[in-house]
Amino acid sequence: MITPQDEKLLSVLKTNARASISDLARMLDLSRSTVQSRMLKLEETGVIKGYSVDYGDDYLSKMVSAHVSIKVRQKLTTKTNVELKQIDAISQLYAISGEFDLIAVVQAQNLEQLSHLLDDIGNLDGVERTTSSVILETKFKR
């Protein structure tokens, strides 16, 4: 069960996952040992899966991102998902309903790299067809 204090801790960590235990304890008005204990509990129960890096706006503005809709041959779904997971440029992969089976969020350094990436995805055995949309601008992100 997540307590209100756990929710506050998660909120602070979402803003700054690199905050020290001491800083977290001060912000939450808790002891260091309490914060450490709560973080360990949240990690062990799977509430916190890990800590990651959020890219800065300057870096992201130089990247090309796209949503790639993927139609998968049904008998090759598992194999295709495993192969897609091996492509580092795919940051997220969602199973969806509708005409396509998956949507991948991909990031590349430039359009040429994106083109090669789209070819790599389209050439996988289990991929029947793809459609991609380049992201022109992020209006907001939460």
Side-chain angles (χ1 to χ4, degrees), residues 1-72 74 76-142:
M1 173 130 192
I2 296 179
T3 67
Q5 287 179 323
D6 291 335
E7 288 178 2
K8 288 179 187 175
L9 174 59
L10 290 169
S11 177
V12 172
L13 286 172
K14 188 171 182 178
T15 303
N16 181 8
R18 290 187 55 170
S20 70
I21 299 293
S22 298
D23 288 342
L24 292 169
R26 269 192 299 280
M27 285 185 253
L28 300 170
D29 197 28
L30 298 170
S31 71
R32 289 187 60 213
S33 61
T34 299
V35 170
Q36 278 182 305
S37 168
R38 288 181 183 277
M39 285 181 66
L40 183 60
K41 178 183 154 220
L42 292 168
E43 290 168 359
E44 288 174 347
T45 58
V47 174
I48 294 177
K49 181 174 79 171
Y51 303 88
S52 63
V53 173
D54 284 334
Y55 296 120
D57 291 338
D58 288 343
Y59 179 76
L60 285 176
S61 70
K62 296 172 187 152
M63 301 281 290
V64 178
S65 298
H67 289 169
V68 182
S69 300
I70 304 168
K71 178 75 176 159
V72 178
Q74 292 308 311
L76 298 174
T77 299
T78 302
K79 180 180 187 251
T80 303
N81 288 343
V82 169
E83 290 173 341
L84 289 168
K85 190 172 185 177
Q86 301 305 311
I87 300 174
D88 289 335
I90 298 176
S91 61
Q92 298 162 25
L93 183 66
Y94 300 100
I96 60 169
S97 63
E99 182 181 350
F100 290 90
D101 302 301
L102 303 168
I103 289 183
V105 178
V106 300
Q107 293 179 313
Q109 295 293 325
N110 52 49
L111 289 172
E112 182 180 354
Q113 186 182 41
L114 177 62
S115 178
H116 291 295
L117 176 61
L118 296 174
D119 288 343
D120 291 345
I121 292 170
N123 288 329
L124 294 174
D125 285 340
V127 173
E128 197 172 296
R129 66 188 170 97
T130 65
T131 260
S132 58
S133 299
V134 174
I135 298 170
L136 300 175
E137 178 183 7
T138 301
K139 296 297 185 179
F140 70 87
K141 185 176 176 181
R142 293 180 203 221

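Sequence positions, counted from 1, serve as the residue numbers for this chain.
- In this structure, D6 CG and R38 CZ are separated by 5.0 Å, a value rounded to the nearest 0.5 Å.
- Considering every non-hydrogen atom in both L24 and M39, the closest pair reads CD1-SD, 3.7 Å.
- Of all heavy-atom pairs spanning K71 and F100, the tightest one is N-CD2, 3.5 Å.
- Across all non-hydrogen atoms, the minimal contact from I90 to L84 is CD1-O, 3.6 Å.
- Taking each heavy atom of V68 and S132 in turn, the nearest pair found is CG2-CB, 4.1 Å.
- In terms of heavy-atom proximity, T130 sits nearest to G122 at CG2-CA, 4.3 Å.
- Rounded to the nearest 0.5 Å, atoms CG (D29) and NZ (K8) are 9.0 Å apart.
- Between I96 and L102, the closest heavy-atom pair is CG1-N, 3.9 Å.
- Sorted by first and then second residue, the pairs that involve residues 127-136 and meet salt bridge (charged side-chain N to carboxylate O under 4.0 Å, His left out), not counting sequence neighbours, are E99-R129.
- Here the CD1 atom belonging to I121 is positioned 11.5 Å from the OG1 atom belonging to T80, to the nearest 0.5 angstrom.
- With rounding to the nearest 0.5 angstrom, the NZ atom of K41 is 12.5 Å from the CD atom of E43.
- Atom CD1 in I87 sits 6.0 Å away from atom CG in L117 (nearest 0.5 Å).
- Other residues, nucleotides and ligands contribute over 12 non-hydrogen atoms within 6.0 Å of the CG atom of N110.
- Between the side chain of D119 and the backbone N or O of H116 there is no donor-acceptor pair closer than 3.5 Å.
- Between atom OG of residue S11 and atom NZ of residue K14 there is a gap of 8.0 Å, rounded to the nearest 0.5 Å.
- Around the CD atom of E7, the shell of radius 6.0 Å holds more than 12 heavy atoms that belong to other residues, nucleotides or ligands.
- Between V127 and the choices D120, I70, L76, the side chain to side chain contact (heavy atoms under 4.5 Å, CB included) rule is met once, by I70.
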Worked verdict on S20 versus S22 for side-chain hydrogen bond (donor to acceptor under 3.5 Å, both in side chains)
CA-CA 5 Å; S20 70; S22 298; 4.7 Å; no

Passes side-chain hydrogen bond (donor to acceptor under 3.5 Å, both in side chains), N81 versus T78? Steps please.
CA-CA 5 Å; N81 288 343; T78 302; 5.7 Å; no

